[in-house]
Every structure is written in C-alpha cells, then in structure tokens.
Amino acid sequence: SLKKGTMKTKIRASEHLEDFEVRKLLRLLQSEEQWHYYVLVRLGISVALRYSDLQNLKWKDIIGRNYLTIQETKTGKLEKYPQAPNWSKI
C-alpha cells in the first residue's frame with residue numbers, strides 16, 4: 001500500500017506507460033483509496049505536467065475551480081488550464 005509522500009523512482013529518462021498500464025494503475029489507486037496519487041496521475045496525464053509541477057497542489061486548488069493555475073518548476077512559466085468536465089469526478 002502506498003503512503004502519501006513515499007513515491008520514489010529511479011527513472012532517469014522519459015518512460016511512458018501504455019494505456020492499459022495507466023488504467024491498471026488508476027484502478028489500483030482507486031481500490032486502495034490513494035486519492036492523492038490518483039489525482040496526481042489523472043492531472044499529470046490530462047495536462048502533461050511533471051510530478052514536480054503537481055506535488056504541491058492542494059484540494060482547494062482543484063475543487064470548485066473553473067481553471068487550474070500552475071507555475072512550472074522547470075521553466076518558471078505560469079500556466080492556466082481550463083477545468084475539464086470530468087475533473088469533478090476525480
């Protein structure tokens with residue numbers, strides 16, 4: 001079982017999950033009620049952001065908002081993403 005803040009990786013290059021692997025991961029996170037990681041994976045895939053850009057998000061940054069504003073860690077750019085209709089289902 002995953003605990004918040006324990007995600008560590010040794011991946012040094014860009015590696016992508018296949019669609020079936022993403023679905024499997026999301027099902028696992030949902031079944032274990034790991035909502036923090038579930039949201040990070042869903043948002044990361046939806047808006048193509050790095051974990052470093054998403055790790056400091058708070059629920060108040062997402063819930064009840066029409067947009068998501070994130071300052072990208074690597075580039076320093078401030079990006080504004082419109083909220084997708086399915087975000088309310090996260």
Side-chain angles (χ1 to χ4, degrees):
S1 147
L2 294 172
K3 292 184 178 156
K4 184 177 177 183
T6 62
M7 190 166 100
K8 304 240 186 272
T9 182
K10 293 183 185 212
I11 297 172
R12 298 290 178 230
S14 180
E15 295 182 20
H16 303 281
L17 297 176
E18 299 291 332
D19 287 342
F20 79 93
E21 293 172 311
V22 171
R23 288 191 301 275
K24 185 176 179 180
L25 174 61
L26 289 171
R27 280 194 306 271
L28 172 69
L29 294 173
Q30 189 174 25
S31 72
E32 293 191 6
E33 297 184 4
Q34 295 291 324
W35 305 118
H36 178 80
Y37 290 118
Y38 182 87
V39 169
L40 288 176
V41 171
R42 288 285 303 260
L43 281 174
I45 290 169
S46 298
V47 296
L49 288 171
R50 296 173 182 84
Y51 175 75
S52 61
D53 297 327
L54 299 171
Q55 68 182 350
N56 295 318
L57 283 177
K58 307 285 185 235
W59 287 113
K60 66 179 182 152
D61 299 329
I62 301 167
I63 296 174
R65 300 284 180 128
N66 294 326
Y67 57 89
L68 177 65
T69 303
I70 295 180
Q71 184 162 10
E72 293 183 15
T73 305
K74 187 174 180 179
T75 65
K77 292 190 305 186
L78 190 63
E79 295 289 338
K80 191 172 182 177
Y81 301 93
Q83 186 180 32
N86 64 354
W87 283 12
S88 61
K89 296 177 184 175
I90 293 177

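- Applying the side chain to side chain contact (heavy atoms under 4.5 Å, CB included) rule to Lys58 yields the partners Lys60, Asp61; only residues at least two apart in sequence or on another chain are considered.
- A search for salt bridge (charged side-chain N to carboxylate O under 4.0 Å, His left out) contacts involving Glu79 returns Lys77, not counting sequence neighbours.
- Checking side-chain atoms of Thr73 against main-chain N and O of Ser52 turns up a donor-acceptor pair under 3.5 Å.
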Side-chain atoms of residues 18-28: list all donor-acceptor pairs with protein atoms under 3.5 Å, sequence neighbours left out, distances to 0.1 Å.
residue	atom	partner	partner atom	Å
Glu21	OE1	Glu18	N	2.6

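- Here the side chains of Tyr81 and Leu43 are not in contact, with every heavy-atom distance at 4.5 Å or above.
- Here Arg42 contributes atom CZ and Leu54 contributes atom CG; the two are 13.5 Å apart, rounded to the nearest 0.5 Å.
- Side-chain atoms of Val39 and Leu57, non-hydrogen and from C-beta on, never get closer than 4.5 Å to each other.
- In this structure, the side chain of Gln71 engages the main chain of Gly76 through a donor-acceptor pair within 3.5 Å.
- Under the side chain to side chain contact (heavy atoms under 4.5 Å, CB included) criterion, Lys80 pairs with Tyr67, Thr69, sequence neighbours left out.
- For the atom pair Leu40 CG and Leu29 CG, the distance stands at 9.5 Å (nearest 0.5 Å).
- Under the side-chain hydrogen bond (donor to acceptor under 3.5 Å, both in side chains) criterion, Thr75 pairs with Glu72, sequence neighbours left out.
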